[in-house]
Amino acid sequence: MAEALKISTEQVTLDLPITDGTIKATDLKAVPTSAGPLATYDPGLMNTASCRSAITYIDGDAGVLEYRGYPIEQLAGNASHLEVAYLLLYGELPTTEQLAAWEKEINTHRFVHENVRGIIQSFRYDAHPMGKLMSGVASMQTFYPSARRIDDPEARRMNIVRLIAKMPTIAAWSYRQSIGRHYVYPNDELGYVDNFLAMLFQSQQRVYRPDPRVSHAMEVLFVLHADHEQNCSTNAVRAVASAGNDVYTSAGAGVGALFGPAHGGANEAVLKMLREIGSADRVGEFIEGVKAGNARLMGFGHRVYKNYDPRAKIIKKACDEVFEVTGVNPLLQIAVELEKVALEDEYFATRRLYPNVDFYSGLIYEALRFPPEMFTVLFAVPRTAGWCAQWLEGVTDPEQKIMRPKQIYTGHRRRAFVPQDARA
């Protein structure tokens, strides 16, 4: 039996079909109210589906994250970031031949136009790297006019390749400009993640080769951050794309959304919290302060997950690999004790507050000697694959229209104009 929602008013009775657990919001227009056709009010889109998508599945209650049906636990550590990027874009994991061709094509397009270097160089040395990244990404539309041909499948594909290939270069140059170092150009001898690390950290070496344990941990982080359903930055990408925009302009909007401290900057807040706690023996005191409302527990809880974030478990293991190389971050002991105490406390258990992906990722980035302002940049580079997949799905979806939410007007109506000399 088909599901339906019955809405009855004095004027009308309406049966609305329920499909995939939703009703069509436009069907509500058939219900008249004193303020006009019935609509929903949903600040933050807490319970509104804005699209159909076959890319990423999340079950927050069960702590499940899947890319194209593959559990994140199977992909992280087993698949490379470029394999996962291919999966997100094309729906299937690549064969050996497909992966080789994909990697070669990405490598071919890693160089960035010298004028983009000039854009980055024009910033003050202390400008935030995300500002440089956002400008560099958005500017690429001007270098590749074919990007505006979003109805051309080959133009779409080619510009997605360019963006995924060039994002690490722009990100690395944003970092190098911040520390006053010469820019390092891409090296075709190195894979996607190793090349990125080389562009970040190369000094006097002819060929920089990172420790395999660091490289593997970064690969895992890249896979974990590749996509995460309709979050704030992905929604921004889709919204800008709905106006007929190219992948560079849309991804630039994604970078801007990710820049917000409520979205991409949470791991920096975790480090600040751990430093304020100071030592493991003060964790109990801090927890009591949180319960009393005098402190905030950062890195716990998530808008979607009401269970242990599956990415957090994987990142916690990646910490061990990195710390074998860099030495243990002294904040790790505090983090481990904080997690243990919080998970055993009924206060947090009843509120379903569990560690999320940001709780441990900042510890890894700090161990690699990244300044906190680079943390969000390290998030944006792998998330580009997801943004591209979401952009592609959006611009090829015949159901999609330019996004234009309704509003509830709360201001004045029909006021009489007052001449300037008569205003009090």
Side-chain angles (χ1 to χ4, degrees), residues 43-47 58 60-61 63 65 128-130 221 224-225 228-236 256-316 318-319 328-367 370-380 383:
L45 302 180
M46 298 284 288
N47 192 39
I58 296 174
D61 291 333
L65 170 62
H128 199 288
M130 283 293 278
L221 285 169
L224 296 178
H225 285 134
H228 206 239
E229 204 220 42
Q230 302 307 310
N231 53 76
C232 178
S233 58
T234 298
N235 181 65
L258 191 63
F259 196 179
H263 186 9
N267 46 21
E268 184 178 346
V270 170
L271 291 179
K272 181 180 178 183
M273 173 191 70
L274 295 176
R275 289 194 181 94
E276 289 175 351
I277 295 173
S279 62
D281 56 12
R282 294 192 58 208
V283 165
E285 174 189 342
F286 175 77
I287 288 291
E288 292 305 313
V290 171
K291 291 158 66 173
N294 300 321
R296 289 190 64 191
L297 181 61
M298 307 305 297
F300 274 67
H302 193 277
R303 167 83 166 260
V304 174
Y305 295 110
K306 305 307 175 188
N307 202 321
Y308 206 109
D309 184 337
R311 301 170 299 170
K313 296 178 181 179
I314 299 167
I315 284 185
K316 188 175 181 181
C319 282
V328 175
N329 187 325
L331 297 178
L332 178 63
Q333 183 182 2
I334 303 173
V336 171
E337 181 65 16
L338 181 60
E339 178 185 1
K340 176 177 177 292
V341 172
L343 290 179
E344 292 175 351
D345 195 300
E346 184 179 357
Y347 177 90
F348 301 102
T350 56
R351 289 164 174 78
R352 307 184 75 178
L353 295 174
Y354 300 91
N356 59 41
V357 70
D358 299 303
F359 189 67
Y360 284 106
S361 61
L363 293 171
I364 293 178
Y365 296 148
E366 185 177 69
F370 282 110
E373 56 268 23
M374 271 297 292
F375 291 0
T376 318
V377 175
L378 296 169
F379 194 150
R383 181 54 58 86

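Remember, predicted model here, so these are calculated numbers, not experimental data.
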* Apply side chain to side chain contact (heavy atoms under 4.5 Å, CB included) to the pair K316 and E339, showing each step before the final yes or no. => CA-CA 11 Å; K316 188 175 181 181; E339 178 185 1; 3.2 Å; yes

* Asked: Do L45 and Q230 pass the side chain to side chain contact (heavy atoms under 4.5 Å, CB included) test, and can you show the C-alpha distance, the side-chain angles, and the key distance before you say yes or no?
  -> CA-CA 10 Å; L45 302 180; Q230 302 307 310; over 6 Å; no

* To do: Given side chain to side chain contact (heavy atoms under 4.5 Å, CB included), test T234 with H228 step by step and report yes or no.
  => CA-CA 8 Å; T234 298; H228 206 239; over 6 Å; no

* CA sep, side-chain torsions, deciding dist, call: L221, F379, side chain to side chain contact (heavy atoms under 4.5 Å, CB included) -> CA-CA 9 Å; L221 285 169; F379 194 150; over 6 Å; no

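H225 places no side-chain N or O within donor-acceptor distance of the main-chain N or O of A380, the cut-off being under 3.5 Å. No donor-acceptor distance shorter than 3.5 angstrom exists from the side chain of N235 to the backbone of C232, with no hydrogens or angles considered.
Taking NZ of K291 as the reference point, atom CD of E346 lies at 9.0 Å (rounded to 0.5 Å). The line from CG of N267 to CG of L363 is 9.5 Å long, rounded to the nearest 0.5 Å. With rounding to the nearest 0.5 angstrom, the CG atom of L224 is 5.0 Å from the CD1 atom of I315. Here the CD1 atom belonging to I277 is positioned 9.5 Å from the CD atom belonging to E285, to the nearest 0.5 angstrom. Taken from CZ in F300 to CZ in F348, the straight-line distance is 7.5 Å, to the nearest 0.5 Å. Rounded to the nearest 0.5 Å, atoms CG (L271) and OH (Y365) are 11.5 Å apart.
Residues L343 and P355 approach most closely at CD2-CD, 3.9 Å, considering heavy atoms. Of all heavy-atom pairs between E337 and A280, the closest is CG-O, 3.8 Å. Minimum interatomic distance between S233 and A257 (heavy atoms only, all atoms of both residues): CA-CB, 3.6 Å. Between G362 and F375 the shortest heavy-atom distance is O-CZ, 3.9 Å. The nearest pair of heavy atoms linking I334 to S279 is CD1-N, 3.6 Å.
Here the side chains of M273 and L338 are in contact, with some heavy-atom distance below 4.5 Å. Residues F259 and T376 are not in side-chain contact: their nearest non-hydrogen atoms beyond the backbone lie 4.5 Å or more apart. Proximity of D309 to Y354: side-chain heavy atoms (C-beta onward) are nowhere separated by under 4.5 Å. The closest side-chain heavy-atom distance from L332 to Y360 is below 4.5 Å. With a 4.5 Å cut-off on side-chain heavy atoms, V270 and L331 do not count as touching. Residues R296 and V290 fail the side-chain proximity criterion, which asks for heavy atoms closer than 4.5 Å. I314 has its side chain out of reach of V357: every pair of non-hydrogen atoms, C-beta onward, lies at least 4.5 Å apart.
Taking a cutoff of 4.0 Å between a charged side-chain nitrogen and a carboxylate oxygen, K340 and E344 qualify as a salt bridge.
Seen from the ring of Y347, R351 counts as a face-on cation partner, given the 6.0 Å and 45° thresholds.
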